[in-house]
Undergrad: 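To start, I am sharing the structure in question, which I have written as structure tokens.
These figures come from a predicted structure and were not determined experimentally. So you know, we letter chains A, B, ... as the sequences are listed, proteins then strands, and number each from 1.
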Number of protein chains: 2
Amino acid sequence: MSPTSPLDPEQLAAYFALMEVSSLLQHAVDQQLREEGGLSYTQFQILATLGENPDGRRRMTDIADRLVHSRSGLTYQVAQLAKAGLVTRESSSDDERAVIVAATPQGLALLGRVLPGHVDLVQQLLLAPLTAREATVLGGLLGRIRTHMTAIPPRSAAPRRKNAPKS
Amino acid sequence: MSPTSPLDPEQLAAYFALMEVSSLLQHAVDQQLREEGGLSYTQFQILATLGENPDGRRRMTDIADRLVHSRSGLTYQVAQLAKAGLVTRESSSDDERAVIVAATPQGLALLGRVLPGHVDLVQQLLLAPLTAREATVLGGLLGRIRTHMTAIPPRSAAPRRKNAPKS
DNA sequence: TATTGTTATACTCTATAACTATA
DNA sequence: TATAGTTATAGAGTATAACAATA
């Protein structure tokens, strides 16, 4: 009655190391962002997503799709950013239902101010012990996993989402 | 004024992929654990830590060290587990200050009930797209990073913890 | 009818600081 | 004095469900 093989030690080690490394990294990065910019990691990600676009704008739904959030969670976070004057919200002219989030000059400035320290930290914590080639290998493997995870989301172990509310 | 090189595309890709993969995996795993066992991922980790020991016991501090928590956060989580009858707490006979957390039979039973689905999910989401060799390589790289992160925690970007409460 | 987004609400979790007790 | 752990408290974040408006 075991649908899959029970993970050999090598696989277990990979899993544990992944979880521990990402946990430590998230913690450290979140702290740096709060100290240097008063931003949570989530807020930073939203701002960085906006910064990627040349015009610094993006639809709510597009942001949500990238960052896993529930809609309401994104509304909350964007409201925080707006309160801080880092983004603005306007309704789209194309689709009156849609809301376009735009980074303000202050938002982009803060992003620019926080980014160097962020990059430094990632460099020191995550990449320092790897050669350039190893970093590429790591990125390649994780990239494939990401593709797999986002493509195969049947999530077979937790399939019914709308059928069995369980209680 | 750039203390470190600004991350080439390969490095950036590795960083982003790591964060996205771990985020997706955490989310999926947390959901499975809640559905099948009513456990948060943190609670599962505590229980699993106890399960590792032959006698199913461990000191609070030892758990906290492994799982990054603040003391009070661990107290809270262990209290939740105790409330659910999954662990008990007794003061150590060696050191009257210390508290020993022990998994109850129900706790170990729940762990056993939840583990197969957990392993399956990790297998399907994380490991399926990798060959055995690749999993080993991934684990090796991440293991080295973990060692580095836990050994070098000068956390140079956020050093003073007790000096500058900042406000 | 389906989609976009917000709101209300309730809950989980985390962290800080003050505190107790033992070493 | 230093260490182990708890408590009080307060805040941040998240999710669900109900809702309004547009497509």
Undergrad: Any salt bridge linking B:Asp62 with B:Arg66? Criterion: basic side-chain nitrogen under 4.0 Å from a carboxylate oxygen.
TA: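 B:Arg66 and B:Asp62: not salt-bridged.
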Undergrad: Same cluster for A:Met60 and A:Leu67 if Ile/Leu/Val/Met/Phe/Trp/Tyr side chains link at under 4.5 Å?
TA: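 The answer is yes; both residues are in one hydrophobic cluster.
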Undergrad: Taking all heavy atoms of A:Leu127 and all of A:Ala135, pick out the closest pair and write down the distance.
TA: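 Smallest interatomic distance, heavy atoms only, reads CD2-CB, 4.3 Å.
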Undergrad: Can you see which heavy atom on B:Leu142 is nearest to which on A:Val21, and at what distance?
TA: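 Where B:Leu142 meets A:Val21 most closely, the heavy atoms are O-CG2, 3.5 Å.
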Undergrad: Does B:Thr42 put a side-chain nitrogen or oxygen below 4.0 Å from OP1 or OP2 of C:dC13?
TA: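 Answer no for this pair, as no side-chain N or O of B:Thr42 is under 4.0 Å from OP1 or OP2.
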Undergrad: Respond yes when some side-chain nitrogen or oxygen of B:Arg71 is under 4.0 Å from OP1 or OP2 of D:dT6, and no when none is.
TA: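 The answer is no; no side-chain N or O of B:Arg71 sits under 4.0 Å from OP1 or OP2.
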Undergrad: Compare every heavy atom of B:Arg59 with every heavy atom of B:Ala98, then report the nearest pair and how far apart it is.
TA: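 Nearest pair, atom of B:Ala98 first, then B:Arg59: CB-NE, 3.6 Å.
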Undergrad: Tell me the interatomic distance from A:Tyr41, atom OH, to C:dC13, atom P, rounded to whole angstroms.
TA: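 Result: 22 Å.
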Undergrad: Please answer whether the main-chain N or O of A:Asp55 pairs with a side-chain N or O of A:Asn53 as donor and acceptor at a distance below 3.5 Å.
TA: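 Such a contact is absent between A:Asn53 side chain and A:Asp55 backbone.
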Undergrad: Mind checking whether B:His118 and B:Phe44 have ring centres under 6.0 Å apart?
TA: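 Centroid distance B:His118-B:Phe44: below 6.0 Å, so yes.
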Undergrad: Shortest non-hydrogen contact from A:Glu90 to A:Ala102?
TA: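 Smallest interatomic distance, heavy atoms only, reads OE2-CB, 4.4 Å.
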Undergrad: Rounded to whole angstroms, how far apart are NE2 on A:His69 and P on D:dT16?
TA: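 Rounded to whole Å, this separation is 14 Å.
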Undergrad: Under 3.5 Å, which N/O atoms of the protein pair with N/O atoms of nucleotides 8-11 of chain D?
TA:
none

Undergrad: Of all the heavy-atom pairs spanning B:Ala103 and B:Leu50, show the shortest one and how long it is.
TA: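 Here B:Ala103 and B:Leu50 meet closest at N-CD1, 3.8 Å.
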Undergrad: By a strict heavy-atom criterion of less than 4.0 Å, which residues belonging to residues 86-97 of chain A are in contact with DNA chain C?
TA: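 Correct list: A:Arg89, A:Arg97.
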Undergrad: Rounded to whole angstrom units, what separation is found between the CG atom of A:Leu74 and the P atom of D:dT16?
TA: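 Checked: the CG to P distance equals 15 Å.
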Undergrad: Taking only the side-chain nitrogens and oxygens of B:Gln80, find out if one of them lies under 4.0 Å from OP1 or OP2 of C:dC13.
TA: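 Checking C:dC13 against B:Gln80, no side-chain N or O comes under 4.0 Å of OP1 or OP2.
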Undergrad: Atom CD1 of A:Ile100 and atom P of C:dT6: how far apart are they, to the nearest Å?
TA: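 The answer, rounded to whole Å, is 12 Å.
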Undergrad: Indicate whether OP1 or OP2 belonging to C:dT14 is found under 4.0 Å from a side-chain N or O atom of B:Gln77.
TA: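 Answer yes for this pair, as a side-chain N or O of B:Gln77 is under 4.0 Å from OP1 or OP2.
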Undergrad: I'd like a table of atom pairs between the protein and nucleotides 9-11 of chain C - only N or O on both sides, under 3.5 Å - with the distance next to each one.
TA:
none

Undergrad: Distance check: side-chain N/O of B:His27 vs OP1/OP2 of D:dA15, anything under 4.0 Å?
TA: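 Yes, B:His27 has a side-chain N/O under 4.0 Å of OP1/OP2 on D:dA15.
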Undergrad: Mark yes or no for whether A:Ser92, through its side chain, and A:Ile100, through its backbone, hold a donor-acceptor pair below 3.5 Å.
TA: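 Flag not set: sc A:Ser92 to bb A:Ile100 has no pair under 3.5 Å.
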Undergrad: Measuring from the side chain of B:Arg34 (C-beta onward, heavy atoms only), which nucleotide among C:dT4, C:dT12, D:dT14 has the closest atom?
TA: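 Side chain of B:Arg34 sits closest to C:dT12.
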Undergrad: To the nearest angstrom, how far is B:Asp65 atom CG from D:dT3 atom P?
TA: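 So the two atoms are 13 Å apart, to the nearest Å.
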Undergrad: Take the protein atom CG of A:Leu67 and the nucleotide atom P of D:dG13, then report the distance between them rounded to whole Å.
TA: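 So the CG-P distance, A:Leu67 to D:dG13, works out to 14 Å.
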Undergrad: When the distance from CD1 of B:Ile46 to P of C:dC13 is rounded to whole Å, what number comes out?
TA: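 After rounding, the reported distance stands at 10 Å.
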Undergrad: Rounded to whole angstroms, how far apart are CG on A:Asp30 and C1' on C:dT14?
TA: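 My rounded result for the distance is 11 Å.
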Undergrad: Verify, without hydrogens or angle tests, whether A:Glu134 (side chain) and A:Thr131 (backbone) share a donor-acceptor contact under 3.5 angstrom.
TA: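 Yes; judged by distance alone, with no hydrogens or angles, the pair exists.
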Undergrad: Check A:Arg34, A:His27, A:Gln32, A:Gln26 against A:Asp30 for a side-chain hydrogen bond (donor to acceptor under 3.5 Å, both in side chains) and give me the one that passes.
TA: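 So the option named by the test is A:Arg34.
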